Engineer: 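There's a structure below that I have some questions on.
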2 protein chains.
Amino acid sequence: MEGNAAARELVKRAFIIDCALHTISENGSFNVTMEDIAKSAGFSKGGLNHYFSSKDELFEAAFQEYFDRIFVRSQERINSFSDPMDKLLSFDWLFNWEDPDVNVGYPLLFDCHVLAVRHDTYRKIFHEWVERWVDMLRSAVIEGIEKGVFPKIDPDATARCISAIYHGFATRWYLDKEGHSTAWAIEYYRKAITGLIKGMGGDDII
Amino acid sequence: MEGNAAARELVKRAFIIDCALHTISENGSFNVTMEDIAKSAGFSKGGLNHYFSSKDELFEAAFQEYFDRIFVRSQERINSFSDPMDKLLSFDWLFNWEDPDVNVGYPLLFDCHVLAVRHDTYRKIFHEWVERWVDMLRSAVIEGIEKGVFPKIDPDATARCISAIYHGFATRWYLDKEGHSTAWAIEYYRKAITGLIKGMGGDDII
DNA sequence: CAAAAAACCGACCGGCCGGTTTTAAATAAT
DNA sequence: ATTATTTAAAACCGGCCGGTCGGTTTTTTG
């Protein structure tokens with residue numbers, strides 16, 4: 001029954017990580033104590049310590065899990081479209097307050113930014129997440145160029161632009177609801193991306 | 001000499017706030033203690049307490065000061081251009097590693113995001129900063145429309161887009177240098193904005 | 001069923017932090 | 001010169017947190 005025991009351990013670890021994600025999202029990673037997470041998972045501090053021997057270890061695992069989760073959902077969503085432009089615009093689910101991943105996710109993302117400023121581990125987590133996202137977008141851009149619906153643009157740089165633009169819209173949408181409605185976010189994200197693709201072909205500015 | 005004393009007090013407060021900004025930027029607002037700031041300003045904890053009776057008070061004053069400072073610089077810069085498109089692109093100084101305000105500023109901005117998630121005060125500070133920025137951009141967009149160099153677009157929504165796009169680019173540029181060079185940021189920020197303005201006129205998509 | 005191992009608990013320690021109080025030094029007023 | 005007042009340093013307090021550790025319960029194994 002060794003395999004079974006190992007599997008159970010993994011299940012419990014996953015459960016604790018999920019509890020940690022919710023607790024961190026609710027209170028902010030800098031205000032969360034090990035006891036908070038232990039309580040939320042139905043453990044004592046000592047019990048939690050059995051699965052994660054340090055706060056750093058648990059937190060890193062939690063953030064990694066979060067980015068993995070968002071990536072998987074993004075990938076499923078983008079793959080559900082066939083038109084390249086639809087693929088580029090497939091991230092509208094991230095502007096939905098009702099979505100639990102959204103509510104939990106944004107505070108985690110902002111925490112990750114702060115952590116990334118000073119910790120290599122989190123910088124790397126962020127970097128790899130961006131890279132995976134850019135990969136998805138780049139494929140869609142290349143597809144659009146090959147199908148002839150997009151002009152001949154630099155796929156990599158364009159993918160990074162789209163990703164960055166979404167990031168900016170999302171930050172405003174989440175942190176300044178007053179000035180940035182969901183309708184604005186969805187409509188103008190679309191316009192920004194279509195404008196970018198169209199306008200970036202020729203460099204006939206001015 | 002009462003006025004003089006009051007003036008001296010203000011000078012010292014301003015000096016402490018400046019020290020606080022640097023200390024917070026260096027260590028992150030959640031890791032900074034009152035003693036850290038006191039030391040950096042050449043005070044003891046008690047001395048610092050004479051000027052700011054609580055950590056919250058000092059921190060709020062510091063963040064307010066930082067956003068004011070960035071706003072003033074942005075305003076000076078945008079006003080140095082007369083062409084509307086040049087004005088929209090006048091934020092390139094924020095992609096300059098050599099600039100001290102830039103190095104100190106980004107960590108503060110990310111901290112402010114996290115604080116804004118759970119604190120009304122910081123949400124308000126962020127909101128007002130965004131609003132002032134949008135005001136500047138909106139004026140430039142309106143000017144462009146009136147001069148006939150921009151198509152007839154919604155000035156407010158467009159200004160919010162430009163502001164958000166810059167925010168997204170800046171986040172990537174600062175946190176993921178590896179994948180987002182300064183050259184990329186400047187060149188594609190320009191392309192994104194010009195594409196947005198051109199492409200947003202007619203809604204002739206697909 | 002008994003022995004061994006794993007899982008878990010909760011008290012505790014060392015250290016840190018924000019804020020207060022006490023003490024001392026510096027400056028101004030008399 | 002002496003006293004009063006402002007200013008700052010230092011000591012201190014209460015509270016919190018991460019991690020440790022001895023012990024207890026539960027599960028697995030022989």
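Below, read A as the first sequence line, B as the second, and so on, with proteins coming before strands; counting in each chain starts at 1. Keep in mind it's a predicted model, so treat the numbers as computed, not measured.
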Engineer: Looking at B:Phe71, I'd like to know if the NZ or CZ of B:Arg132 sits under 6.0 Å from its six-membered ring centre while staying within 45 degrees of the ring's axis.
Structural biologist: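 Yes, cation above the ring, under 6.0 Å and within 45°.
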Engineer: State yes or no: are the ring centers of B:His127 and A:His180 separated by less than 6.0 Å?
Structural biologist: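 That pair fails the under 6.0 Å test.
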Engineer: Of the candidate nucleotides D:dA9, C:dC8, D:dT20, which contains the atom at the shortest distance from the side chain of A:Tyr51?
Structural biologist: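 Nearest to the side chain of A:Tyr51 among the choices is C:dC8.
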Engineer: With a 6.0 Å cut-off on the ring centroids, do B:Phe169 and B:Tyr188 count as close?
Structural biologist: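 No, the ring of B:Phe169 stays outside the 6.0 Å limit from the ring of B:Tyr188, centre to centre.
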Engineer: Where along residues 55-64 of chain B does a heavy atom fall under 4.0 Å from DNA chain D?
Structural biologist: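 Going residue by residue through residues 55-64 of chain B, none turns out to have a heavy atom under 4.0 Å of DNA chain D.
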Engineer: Atom pairs under 3.5 Å, N or O on each side, protein against nucleotides 23-26 of chain C: can you list them with distances?
Structural biologist:
none

Engineer: Examine C:dC17: is either OP1 or OP2 under 4.0 Å from a nitrogen or oxygen in the side chain of B:Lys45? Give yes or no.
Structural biologist: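 No, no such contact exists.
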Engineer: Quiz question: by atom type and distance under 3.5 Å, do the side chains of A:Trp173 and A:Thr182 form a donor-acceptor pair?
Structural biologist: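 Note: A:Trp173 and A:Thr182 side chains meet the donor-acceptor criterion.
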Engineer: For A:Leu48 and D:dG19, give me the distance from atom CG to atom P, rounded to whole Å.
Structural biologist: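 The answer, rounded to whole Å, is 10 Å.
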Engineer: Any side-chain donor-acceptor pair under 3.5 Å between A:Glu57 and A:Ser53?
Structural biologist: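 Yes, side-chain donor-acceptor contact under 3.5 Å.
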Engineer: Is the phosphate of D:dT26 approached by A:Arg8 (side-chain N or O, under 4.0 Å from OP1 or OP2)?
Structural biologist: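 False: A:Arg8 side-chain N/O out of range (4.0 Å or more) of D:dT26 OP1/OP2.
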Engineer: Measure from CZ on A:Phe52 to P on C:dC8 and round the result to the nearest Å.
Structural biologist: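 So the two atoms are 12 Å apart, to the nearest Å.
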Engineer: Can you tell if the side chain of A:Glu128 reaches within under 4.5 Å of the side chain of A:Phe67, non-hydrogen atoms only?
Structural biologist: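 Not in contact.
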Engineer: Do we get A:Arg73 above A:Trp93's six-membered ring, with its NZ or CZ under 6.0 Å from the centre and within 45° of the axis?
Structural biologist: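 Yes; both conditions hold, so A:Arg73 lies above the ring face of A:Trp93.
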Engineer: Nearest of C:dT20, C:dA7, C:dC9 to any side-chain atom of A:Lys12?
Structural biologist: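 Looking only at side-chain atoms, A:Lys12 lies closest to C:dA7.
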Engineer: Take A:Trp97 and A:Tyr106 through the test ring-ring contact (aromatic ring centres under 6.0 Å, His included) and record every step on the way to the result.
Structural biologist: CA-CA 11 Å; A:Trp97 290 111; A:Tyr106 281 86; 7.5 Å; no
Engineer: Is the Lys NZ or Arg CZ of A:Lys191 less than 6.0 Å from the centre of A:Tyr189's six-membered ring, within 45° of the axis?
Structural biologist: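 Judged by the rule (NZ or CZ under 6.0 Å from the ring centre, within 45° of its axis), A:Lys191 is not positioned above A:Tyr189.
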Engineer: Looking at the rings of B:Phe63 and B:Phe126, which for Trp means the six-membered one, are their centres under 6.0 Å apart?
Structural biologist: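 No, ring centres 6.0 Å or more apart.
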Engineer: Taking only heavy atoms on the protein side, list every residue of residues 13-42 of chain B lying under 4.0 Å from any atom of DNA chain D, sorted numerically.
Structural biologist: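 Of all residues in residues 13-42 of chain B, the ones placing a heavy atom under 4.0 Å from DNA chain D are B:Gly42.
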Engineer: Rounded to whole angstrom units, what separation is found between the CZ atom of A:Phe43 and the C1' atom of C:dC9?
Structural biologist: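 So the two atoms are 11 Å apart, to the nearest Å.
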Engineer: Quick check on C:dC8: is either OP1 or OP2 less than 4.0 Å from any side-chain nitrogen or oxygen of A:His50?
Structural biologist: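 It does not, given that no N or O in the side chain of A:His50 lies less than 4.0 Å from OP1 or OP2 of C:dC8.
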Engineer: Relative to A:Phe43, does A:Lys45 satisfy both conditions: NZ or CZ under 6.0 angstrom from the six-membered ring centre, and within 45 degrees of the ring's axis?
Structural biologist: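 No, a cation-pi geometry is absent between A:Lys45 and A:Phe43.
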